[in-house]
Each structure stands twice: as C-alpha cells, then as structure tokens.
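Let me begin by presenting the structure, written as structure tokens, before commenting on it.
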Amino acid sequence: MKRIVRLAAALLFIATILSGCKRQPAVYTAQITTLFDTVITLKGCADSQKAFDEWAQDAFDILEEYHRLFDVYREYEGMNNLCTVNRLGAQAPVAVDGRILDLLGLAKEIGTETGGKIN
C-alpha cells in the first residue's frame, strides 16, 4: 500500500512539474448583434480578458467590412457595395471589390449545384 501511495505522490509531483504550474488560458465569449441582421457569438481561449477583447475587436472589424460590402439595403461612403450594384448596375457597369465578385460567383455555383434550391 505504501508503495502505491509513493508512486501516486511521485506521479502527481511529475505532473505538476511538467505542467509548469502555469495558468491555463480561459474561455471568453462576446456577442455581436449589429452585423448581418443576426447574432454572432465569438468564443475563444486567451490568457486574459484584454487579449480576448483585442482579438474580438479585430474579428468585429473584419466582419463589419464584409457586412458593408454585402449590404443590399444601405450604401456606404467610399465604397461600391451590393446596394450600389443593385441601384446602378442596370444603367452602367459598376466597379466593385473583388470579394463581391467572389460572392456572386459562389452564389451562382451553389445555385447551379442545388438545381436552384439555394438562390
């Protein structure tokens, strides 16, 4: 019995040393409710709330850019988005960001692959 206790103590000691007694990253969550007319939940591991908040802000900035590009209801100064294309596209060609062309190409491809079920 003493041998088992010593072995368990030794294993616990080794595990403690190997882990470095270091604090493990925590899981943080943030919600975005102002983009794409939906709720977006961001969840991630970080060493601190501040580190997670910085990452979440970067993610928000990228998502906001796509939200503006793909917004079909509102135009934004300094960019031609899908709303601009819908308003002006029938009159003349509209110069757009390549990401809009990528989205439209993907939408067309998915529409073809699903027989028009997703459009």
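Contacts classified as salt bridge (Lys or Arg N to Asp or Glu O under 4.0 Å) and involving residues 52-64 (residues at least two apart or in different chains) are given here: Lys50-Glu54, Glu64-Arg68. Identified under the ring pair (Phe, Tyr, Trp, His ring centres under 6.0 Å) test for residues 70-119, with sequence neighbours left out: Tyr66-Phe70.
Taking hydrophobic clusters as Ile, Leu, Val, Met, Phe, Trp and Tyr residues chained together by side-chain heavy-atom distances below 4.5 Å, Leu42 does not share a cluster with Val27.
Asn81 pairs by the side-chain hydrogen bond (donor to acceptor under 3.5 Å, both in side chains) definition with Thr84, not counting sequence neighbours. Among residues two or more places apart in sequence or in another chain, the ring-ring contact (aromatic ring centres under 6.0 Å, His included) test is passed with Phe60 by none. Every residue two or more places apart in sequence or in another chain that forms a salt bridge (Lys or Arg N to Asp or Glu O under 4.0 Å) with Arg87 is listed here: Glu75.
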Can you give each donor-acceptor pair under 3.5 Å made by side-chain atoms of residues 30-38, sequence neighbours left out, with the distance rounded to 0.1 Å?
from  : atom 1 : to    : atom 2 : distance (Å)
Gln31 : NE2    : Thr41 : OG1    : 3.3

Atom pairs and distances, side-chain donor-acceptor, residues 96-114, under 3.5 Å, sequence neighbours left out:
from   : atom 1 : to     : atom 2 : distance (Å)
Asp97  : OD1    : Arg99  : N      : 2.7
Asp97  : OD1    : Arg99  : NE     : 3.0
Asp97  : OD2    : Arg99  : NH2    : 3.0
Arg99  : NH1    : Glu65  : OE2    : 3.2
Arg99  : NH2    : Glu65  : OE2    : 2.7
Thr112 : OG1    : Lys108 : O      : 3.0
Thr114 : OG1    : Ile110 : O      : 2.9
Thr114 : OG1    : Gly111 : O      : 3.4
Thr114 : OG1    : Lys117 : N      : 3.4
Thr114 : OG1    : Ile118 : N      : 3.1

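Across every non-hydrogen atom of Trp55 and Lys43, the tightest pair is CH2-O, 4.5 Å. Closest heavy-atom contact between Phe52 and Gly44: CE1-N, 3.6 Å.
Going from atom CG of Leu82 over to atom CG of Leu69 covers 8.0 Å, rounded to the nearest 0.5 Å.
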